[in-house]
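To start, the structure itself, in structure tokens.
Numbering of residues begins at 1 and proceeds along the displayed sequence. Keep in mind it's a predicted model, so treat the numbers as computed, not measured. Counting convention: from 1, in listed order, for ligands and their atoms alike.
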Amino acid sequence: MKSVPSNAEIARLLSNMAVFYEMEGVQFKPRAYERAAEAVETLDETVADVFARGGRKALDGIPGVGPGIAAHLEEILTTGTFEEYKRMRKRVPVAVEELNPVEGIGPKMIKVLYQQLRIKNLKDLEAAARAGKIKKIPHFGAKSEERILKGIEFLKKSKGRFLLGNIQPTVRDMEERLRKIPGVGQVTTAGSYRRWQETVGDIDILVTAKDPKRVMDAFVKFPEVEHVFGRGPTKVNVRLRQGIDADIRVLKPNEYGSALQYFTGDKMHNIETRKIAIKKGYKLSEYGLFSGKKLIAGKTEEEVYKKLGLDWIPPELRTASGEIEAARSDQLPNLVEYGSIRGDCQVQTSWTDGSHSIEDMAKAAMSHGLEYMVVTDHTRALAMTGGLDEKKLAQQGKEINALNKKLGKRFRILKGAEINILKDGTLDISDGMLKKLDAVAVSVHSHFGMSEAEMTGRIIRAIKNPLVNILFHPTGRLIGKREPYQVDILKVLRAAKEYGVAMEVNAFPERLDLRDAHIRDAVKLGVKLVVDSDAHAPHHFQYLDLGVAQVRRGWGSKSDVLNTKAVDDFLKSLKGLKR
Ligand code: DGT
Ligand code: CA
Ligand code: CA
Ligand code: ZN
């Protein structure tokens, strides 16, 4: 049985279809398919669920999806593709699925690139860009050529890596099913997944069981498994439908701890721990810690670390960047715990580009165990999202007041906004209005190409404003899509400390901004953090723990994260940053 295509897979097909129609010179259809792709990608539930709920009619009801595309969606759900796509795929001479994911390239460009330069695939595109041929095409210019080269570089770097937030649900599902197999003891996914790295190359599942064959027989039949590469007596290696590889190893209980230690890594951390073992006259491998032939530790990770003279080290810290020294001298930080965020500090609603009303988002936040949230819709310079001006912000404030009355003590909605930092570092909302908000967050959404000095100055000017409380996504990067803008983050952190501004740790899977190394700097400097999900839809609150992981990888404790506090303390601490 094949498993159902994900929304991302479906969106990719629709978006490629848009390019096919563009190449064929068909009118209107390209835009319609692009719109449908966007709709599917940002949909709040899976297309499969929509279909299960209300059939073809419900698919048709997805905004941006008409009856024609709804029929294709149904076909994709059952066959993984659709006839018209296969037909076009044969007819169009260009490898659209290779070119389309390059950031900075769209359907029209792909067509022109083929017509002018016979560019058929990624290799052709890169060669043409490197040879300076693209900038000579009318309306393209040096800037697009540069963007295309950057896009290709980025694609290469991120090739084969998957956002943790996108594979976590699949891994958790599979783990749960493995645990239900009779005779199975422990199930843990090791590797970069267990270290909560931003991206994961492949999935390393460790299982203890009496009967390895039974576990592997069940695993290869999981609907997620698309292809089995190879299988040994205790190990099997597969490709999942999502495109990521996974291997599963079945272990004996007394080697579980050492295997876990070995396969959690990272590589540099393992090299260091093995050196320590050698110094002590031991040998450390995935099978255990040995003194000569004698096994002296292996059942648990704790005993392995203990025999090496180290405290147990949280996986997130295992990167050979000071954790071993700290573990030797009882100096490991007391890391902030998963699930300890009590309020979300960045939430968008249908007032701008969010999918749901303030009330719906509040209810979703409550069902995720949160006690409060800050509504932070975009402000006016972001016209594409219908950014709010002072008048609309005031109206929104009234709605929030009414909702707070309705919700009573159960939950608090705080008034905020994600205010644009304009090119010169001023804000696009007046101080008079800022004063009326509970929390003022600012961020950069334009002019990404400034020099480091200009960008740093621009941001510092913005956070100098005594009414500003939080800097959102401080570097602007999108993992696998967009490099951070050039900014001297240490200068920004020092300014944040001086002017009493908290730094956001944005937990959205492709943002994770601030990143771990910068968080570590912030923690050292005593700059306070807030972890938030940047929710645009109810299910996004689930991302909060990705932000917590980020803080943990930056050696942060509970006291570094303001929104681990109850709402009144949170507000007091946030305002208290201003001396
Ligand atoms: P990934 O999959 O690229 O996101 O990163 P990891 O860290 O999961 O790496 P992976 O899957 O190649 O290997 C899993 C673990 O096995 C890794 O975290 C540490 C360990 N390991 C892999 N290769 C080596 C090695 O050459 N030496 C040592 N000491 N350990 C290794
Ligand atoms: Ca791995
Ligand atoms: Ca691996
Ligand atoms: Zn933003």
Proximal ligand 1 atoms for Tyr262, defined as those under 4.0 Å from one of its heavy atoms: 16 (O), 19 (C), 20 (C), 30 (N), 31 (C)
Parallel, tilted or perpendicular, as decided by the 30° and 60° cut-offs, for the rings of Phe508 and Tyr543: perpendicular
Ligand-side contact atoms (ligand 1) for residue partner Asn270, heavy atom cut-off under 4.0 Å: 19 (C), 20 (C), 29 (N), 30 (N)
Flag side-chain contact, heavy atom, 4.5 Å: Leu164 against Thr199: no
Ligand 1 N/O within reach of Arg274 N/O, cut-off under 3.5 Å: yes
Per-atom contacts, ligand 1 versus Gly201 - under 4.0 Å to a heavy atom: 1 (P), 2 (O), 3 (O), 4 (O)
Cationic N near anionic O, under 4.0 Å, Arg231 to Asp217: yes
Where ligand 1 meets Asp204 - atom numbers and elements under 4.0 angstrom, heavy-atom basis: 8 (O), 11 (O), 14 (C)
From the candidates Thr189, Ile203, Asp202, the one that places a heavy atom nearest atom 10 (P) of ligand 1: Asp202
From Arg477 atom CZ to Leu514 atom CG, the distance as rounded to the nearest 0.5 Å: 9.5 Å
For Arg161, atoms of ligand 1 separated by under 4.0 Å from a heavy atom: 1 (P), 3 (O), 4 (O)
Metal-centred angle, O of Asp202 through the Ca ion (ligand 2) to OD2 of Asp204, rounded to 10 degrees: 100°
Best match, Arg195, Lys267, His269: closest heavy atom to atom 7 (O) of ligand 1: Arg195
Numbered atoms of ligand 1 (with element) below 4.0 Å of Val200, judged on heavy atoms: 4 (O)
Considering all heavy atoms, the nearest Gln348-Thr376 contact: OE1-O, 2.8 Å
Student check: side-chain heavy atoms of Thr208 and Glu255 closer than 4.5 Å: no
Numbered atoms and elements of ligand 1 in range of Thr264, under 4.0 angstrom, heavy atoms: 18 (O)
Sub-3.5 Å N/O-N/O distance, Asp266 and ligand 1: no
Aromatic plane relationship, His368 with Phe541 - under 30° parallel, 30 to 60° tilted, over 60° perpendicular: tilted
Spacing of CG belonging to Asp247 relative to CZ belonging to Phe219, to within rounding of 0.5 Å: 8.0 Å
Ligand 1 contact by Gln197, heavy-atom criterion under 4.0 angstrom: no
